[in-house]
**Student:** 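This structure is in structure tokens; I'll ask about it shortly.
Each residue takes its place number in the sequence, starting with 1.
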Amino acid sequence: MKNRIAVTGLGVLSPIGSGKENFWNALINGEVGTSEITSFDTSLFNINRGGEVTDLDPTSFIQELNPEVMGRTSQLAVASSRMAWSDAGILPNTYSKHRIGVCMGSSLGNSSTLEHINDIQKNNEEINPQSNYILNTSLTNVANSVSVELGLEGPSLTISTACASGNNAISYGADLIQDGEVDAIIVGGADGISRFCYTVFHRLGAMTQDLCQPFTKDRTGMIVSEGSASLVLEDMEKAKQRGATMYAELAGYGLSGDAYHITAPHPEGAGAALAMERAIKNAYVDKKDVSYINAHGTGTKANDISESLAIYSVFGERADLIPVSSIKSMLGHSMGASSAIEAVASTLAIFHSIVPPTMNVTELDPECVKNVVPNKAIYQPVNVAISNAFAFGGNISTIVLKGVSD
């Protein structure tokens, strides 16, 4: 029998609020955090909406590194990780530093730093050779920044599997605990908003000019956003011994690859169904015990139908009994951070016995799942939650969280 893993710390920065309390209250109240982009000039596009973290300056959490040369993504990762680490309340003598790891997911890393360098050159300004901007553009810098800031000497990895990066980082972190490599690990995902990402999705025609409306008949696309989320995972027995708050148990995960198309999901949701099946098996839970599905739910025509078909493939007629929600309707799509933020949401849904809503729902698409939680949170026990993440390149990742029991 594998060792059980507890979630003992949570940190989040998002367009609807930062810090787990602010984030959760905004989420269950259905607050929409997308609006006109202010980070960069959107006049070249016919769309100007996005999701930005505006209520908190992530650089206020940076103590060891120079925030002026750090990319936005690394700043966000450090901020949410400090929040989660503080929330977990792990004392310096609880674990050896080399037994605590970091595994962060990021889709694009610090691409905004390259954009900043481009702006400097375009304005014929000089770049300080001592600034080390280029060194901070590396994807490895995302997890490394967290390790340096918190003084953690265990494995430090950044995983980049597009929009499944957060779930994959969480899953790999769980493996490191299972394999005895670490006693505790900070996992999650971060992505700062960038012109590059905005341009990619604009050129794909995937973005909406108004609201993100997952599973709704008249939905018109997704909204690009930013954010970060971190979770502290620990061996459950060791967490119990130190009297930690245990928000939920990370019970298992499942991975798959669509091998279908670089940007489009499999039309029948084959990879998504396989990942969910594997996650349920890996978690040793029964399908009938699944009480909430946190959907990938981007609000695009292709994704929502594909995910719906996958859910019906896995759960059959029982699918209509399981509440489904997409919090991207409120936050937008924060790329590699999205599934990490959704993992925090799923954990808090279990902890507080509340199912977050899908906002902006009008008439549901008859081709999609039917039990979408529309516009208002539901107060009911959440015993087992599934959280999906689907990404470009066919990267599929599903995690299973459940309530902590003896």
Side-chain angles (χ1 to χ4, degrees), residues 7-27 33 51-65 67 70-90 100-110 112 139 141-152 156-159 163 165-170 173 184-193 225-233 247-248 250 327 331-348 387 389 399:
V7 180
T8 60
L10 301 171
V12 62
L13 289 85
S14 83
I16 63 170
S18 300
K20 72 175 191 291
E21 289 87 4
N22 290 338
F23 166 74
W24 180 245
N25 289 333
L27 194 69
E52 298 170 293
V53 175
T54 59
D55 67 327
L56 182 149
D57 180 4
T59 64
S60 64
F61 290 82
I62 300 169
Q63 301 171 10
E64 302 298 328
L65 296 166
M70 288 176 68
R72 175 74 169 176
T73 296
S74 290
Q75 292 175 358
L76 292 167
V78 167
S80 63
S81 295
R82 276 203 180 275
M83 286 179 180
W85 191 243
S86 176
D87 188 43
I90 297 177
I100 307 171
V102 175
C103 190
M104 297 297 292
S106 184
S107 183
L108 297 170
N110 291 302
S112 61
L139 269 167
N141 185 263
V142 179
N144 181 64
S145 296
V146 175
S147 296
V148 171
E149 279 291 324
L150 297 177
L152 306 178
S156 184
L157 306 103
T158 304
I159 292 178
C163 301
S165 299
N167 266 4
N168 279 329
I170 292 168
I185 188 165
I186 297 175
V187 297
D191 263 306
I193 200 163
S225 69
E226 67 173 356
S228 65
S230 301
L231 303 87
V232 175
L233 306 182
Y247 292 100
L250 178 60
I327 67 172
L331 283 73
H333 193 341
S334 53
M335 307 301 127
S338 59
S339 55
I341 296 173
E342 287 155 14
V344 169
S346 299
T347 297
L348 291 172
S387 187
I399 62 171

**Student:** Out of curiosity, Asn141 CG to Thr158 OG1, how far, rounded to the nearest 0.5 Å?
**Tutor:** 8.0 Å
**Student:** Check Gly336 against Ser339 and note the closest heavy-atom contact, atom names and distance.
**Tutor:** O-OG, 4.3 Å
**Student:** Between Thr73 and Glu226, is there a side-chain heavy-atom distance shorter than 4.5 Å?
**Tutor:** no
**Student:** Which pair of non-hydrogen atoms, one from Leu157 and one from Ala143, has the smallest distance, and what is that distance?
**Tutor:** O-CB, 3.2 Å
**Student:** Checking Ser106 now: which residues fulfil side-chain hydrogen bond (donor to acceptor under 3.5 Å, both in side chains) with it, not counting sequence neighbours?
**Tutor:** Asp191
**Student:** Who are the side-chain contact (heavy atoms from CB on, under 4.5 Å) partners of Ala229, not counting sequence neighbours?
**Tutor:** Val12, Ala340, Ile341, Val344
**Student:** Are any non-hydrogen side-chain atoms of Ile186 and Leu150 less than 4.5 angstrom apart?
**Tutor:** yes
**Student:** Which heavy-atom pair separates Leu56 from Val53 by the least distance, and what is that distance?
**Tutor:** O-CG1, 4.0 Å
**Student:** Distance from Met335 atom CE to Cys163 atom SG, nearest 0.5 Å?
**Tutor:** 5.0 Å
**Student:** Sequence neighbours left out, what passes side-chain contact (heavy atoms from CB on, under 4.5 Å) with Ser387? Give chain and number order.
**Tutor:** Asn294, Glu342, Ser346, Ile399
**Student:** Scan Ser80, Ser334, Ser74, Ser81 and name whichever one has a side chain to side chain donor-acceptor pair (under 3.5 Å) with Ser228.
**Tutor:** Ser80
**Student:** Which distance, rounded to the nearest 0.5 Å, do you find between the CG of Leu10 and the OH of Tyr247?
**Tutor:** 5.0 Å
**Student:** Find out whether Arg72 and Leu76 are in side-chain contact, i.e. whether some heavy atom of one side chain is under 4.5 Å from a heavy atom of the other.
**Tutor:** yes
**Student:** Locate the shortest heavy-atom distance separating Val142 from Gly109; write the atom from each residue and the value.
**Tutor:** CG2-CA, 4.3 Å
**Student:** Taking the side chain as C-beta and beyond, is there a heavy-atom pair between Leu27 and Leu331 under 4.5 Å?
**Tutor:** yes
**Student:** Using the test side-chain hydrogen bond (donor to acceptor under 3.5 Å, both in side chains), find all partners of Ser107 that sit at least two apart in sequence or belong to another chain.
**Tutor:** none
**Student:** Do Leu233 and Val7 have side-chain heavy atoms sitting under 4.5 Å apart?
**Tutor:** yes
**Student:** To the nearest 0.5 Å, what is the distance between CG (Leu348) and NZ (Lys20)?
**Tutor:** 8.0 Å
**Student:** With sequence neighbours excluded, tell me which residues meet side-chain hydrogen bond (donor to acceptor under 3.5 Å, both in side chains) with Asn25.
**Tutor:** none
**Student:** Applying side chain to side chain contact (heavy atoms under 4.5 Å, CB included) to Cys103 and Ile159, what does each step give before you reach the verdict?
**Tutor:** CA-CA 7 Å; Cys103 190; Ile159 292 178; 3.7 Å; yes
**Student:** Can you name the nearest heavy-atom pair linking Gln75 to Pro67, along with the distance?
**Tutor:** NE2-O, 3.0 Å
**Student:** Apply side-chain contact (heavy atoms from CB on, under 4.5 Å) to Ala79 and list each qualifying residue two or more places apart in sequence or on a separate chain.
**Tutor:** Leu13, Pro58, Phe61
**Student:** Mind jotting down which residue pairs meet the salt bridge (charged side-chain N to carboxylate O under 4.0 Å, His left out) criterion with at least one end in residues 331-340? Sequence neighbours excluded, please.
**Tutor:** none
**Student:** Quick one: salt bridge (charged side-chain N to carboxylate O under 4.0 Å, His left out) partners of Glu52, sequence neighbours excluded?
**Tutor:** none
**Student:** By side-chain hydrogen bond (donor to acceptor under 3.5 Å, both in side chains), which residues pair with Asp57, not counting sequence neighbours?
**Tutor:** Thr59
**Student:** Is it the case that the side chain of Asp55 and the backbone of Gly17 share a donor-acceptor pair, with hydrogens and angles ignored and the cut-off at 3.5 Å?
**Tutor:** no
**Student:** Once rounded to the nearest 0.5 Å, what's the spacing between atom CG of Leu231 and atom OG1 of Thr8?
**Tutor:** 9.0 Å
**Student:** Evaluate the side-chain proximity of Ser230 to Met104: yes if any heavy-atom separation is below 4.5 Å, no if none is.
**Tutor:** yes
**Student:** Not counting sequence neighbours, which residues clear side-chain contact (heavy atoms from CB on, under 4.5 Å) with Gln63? List them please.
**Tutor:** Arg82, Glu149
**Student:** Can you name the closest pair of heavy atoms from Ala343 and Ile170 and give their distance?
**Tutor:** CB-CD1, 3.6 Å
